[in-house]
Amino acid sequence: MPFDAPASDAPTSDTRATRGARDSALGARDSADRPQGPPPEPGAPEPGAPPEPGKQPEPGKQPEPGKQPEPGKQAVPALRIVPVRRTGQWIAALFVLLLLAMAVNSLARNKAFQWDVVADYFTTSAVLRGLGLTLWLTALVMVLGFVLGTLLALGRMSSNPVLSWVSSGYIWFFRSTPILVQLLFWFNIGALYPQLGLGIPFGPEFVTVKTVNLLGPVTVAVLGLTLHEAAYAAEVVRGGLLSVDRGQIEAAQSLGLSPWRRLRRIVLPQAMRAIVPPAGNMLIGALKGTSIVSVIAVQDLLYSVQLVYHRTYQVIPLLLVATIWYALVTSVLSVGQHYVEKHYARGAERS
């Protein structure tokens, strides 16, 4: 007689398939009901779990607009931004404005300035001629000074010891001597050399000329100011050349560029960013420094107004005329310096 197993102990294959399908359906429904997202951090409450009693919300977290805070959590009020109080700066600014108002009131109401006389002499022919000579002298001195200063800078940076020592000695001497002393020395050079000649050293002279006829007041002013400015221009140019990265020069050498072309096309355009600001200061200083040539009777702007007030005894108004002209020209030069600096800084400015 065949043995038959009980139905409960030996499930058929159909029963196992039915049970597996039911488990799969239940698992899919549970996964669909669970919210999707990254796994919770260790120790964090599961999504949907009620908040722990007495637990405060995390600092810095604000409830979403229009959403009520969850039970057991308190809403954090929005932080109010308080501007920094600058009481001291405002007090200082008010004090400065008060001083400016007092100065303007003093200039406008003090009759000793004689502003009507200033207006009368401001555009006279004598003053304008002196202004023209001042501008011409400034331009010529700056051009000659920077040409000679560039040669001195290259000589000081040269590997030739003779050129380096001579350039360094020139810069040291003219930077150590006051400009007034230099002008007076050149003005009296005839006492040392009554005649200047051109010829063979320790031999005959082919051309001779009297120093007093060769060096007049204007020539002495140009010579003295140029030699003085060249010493300072040499250091300005040398600083600009040293500011160029050495790799730029080596790259130009690897391309086979000649030394003059390297200087003109590679080095100088980059060095101008460092040369222009101090050169602009030198230009403004040279404009004001030309007033010192009045001691050797060069009829610049200051000497022209001096001639007028020696005749009219109106010292203050005429000095104000010179002061205003110097201020106007200096302001124009400052604006020009700004645009020149902006031109040479185009490659270095960040957009």
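For this chain, numbers begin at 1 and follow the sequence in order. Reckoned from all heavy atoms, side chains included, excluding hydrogens, waters and symmetry mates.
Taking Y232 as the reference, H228 meet the ring-ring contact (aromatic ring centres under 6.0 Å, His included) condition, with sequence neighbours excluded. A search for ring-ring contact (aromatic ring centres under 6.0 Å, His included) contacts involving W115 returns F113, not counting sequence neighbours. Here F174 pairs with Y170 under the ring-ring contact (aromatic ring centres under 6.0 Å, His included) rule; sequence neighbours left out. In this structure, Q299 has no side-chain hydrogen bond (donor to acceptor under 3.5 Å, both in side chains) partners at least two apart in sequence or on a different chain. With sequence neighbours excluded, no residue forms a salt bridge (Lys or Arg N to Asp or Glu O under 4.0 Å) with R262. For Q306, there are no side-chain hydrogen bond (donor to acceptor under 3.5 Å, both in side chains) partners, not counting sequence neighbours.
Every pair passing salt bridge (charged side-chain N to carboxylate O under 4.0 Å, His left out) that includes a residue from residues 218-236 is listed here, sequence neighbours excluded: R156-E235, R175-E235, E235-R238. The side-chain hydrogen bond (donor to acceptor under 3.5 Å, both in side chains) contacts involving residues 247-257 comprise Q248-Q270, where partners must be two or more places apart or lie in separate chains. Among residue pairs with one or both ends in residues 178-201, none qualify as ring pair (Phe, Tyr, Trp, His ring centres under 6.0 Å); sequence neighbours excluded.
Counting Ile, Leu, Val, Met, Phe, Trp and Tyr side chains that sit under 4.5 Å apart, directly or through other members, V162 shares a hydrophobic cluster with V166. Hydrophobic cluster of L307: the remaining members, joined at side-chain heavy-atom separations below 4.5 Å, are Y303, listed by chain and number.
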Listing, residues 128-146 side-chain donor-acceptor contacts under 3.5 Å, not counting sequence neighbours, or none:
residue : atom : partner : partner atom : Å
T134    : OG1  : G130    : O            : 3.0
T134    : OG1  : L301    : N            : 3.0
T138    : OG1  : T134    : O            : 2.8

Working for side-chain contact (heavy atoms from CB on, under 4.5 Å), residues L257 and R265: CA-CA 10 Å; L257 299 180; R265 300 296 298 273; 5.7 Å; no
Evaluate the side-chain contact (heavy atoms from CB on, under 4.5 Å) criterion for residues Q182 and I179: first the C-alpha distance (whole Å), next the side-chain angles of each, then the deciding distance (0.1 Å), finally the verdict. CA-CA 5 Å; Q182 296 179 32; I179 180 61; 4.3 Å; yes
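The number of heavy atoms from other shown groups lying within 6.0 Å of CZ (R264) is above 12.
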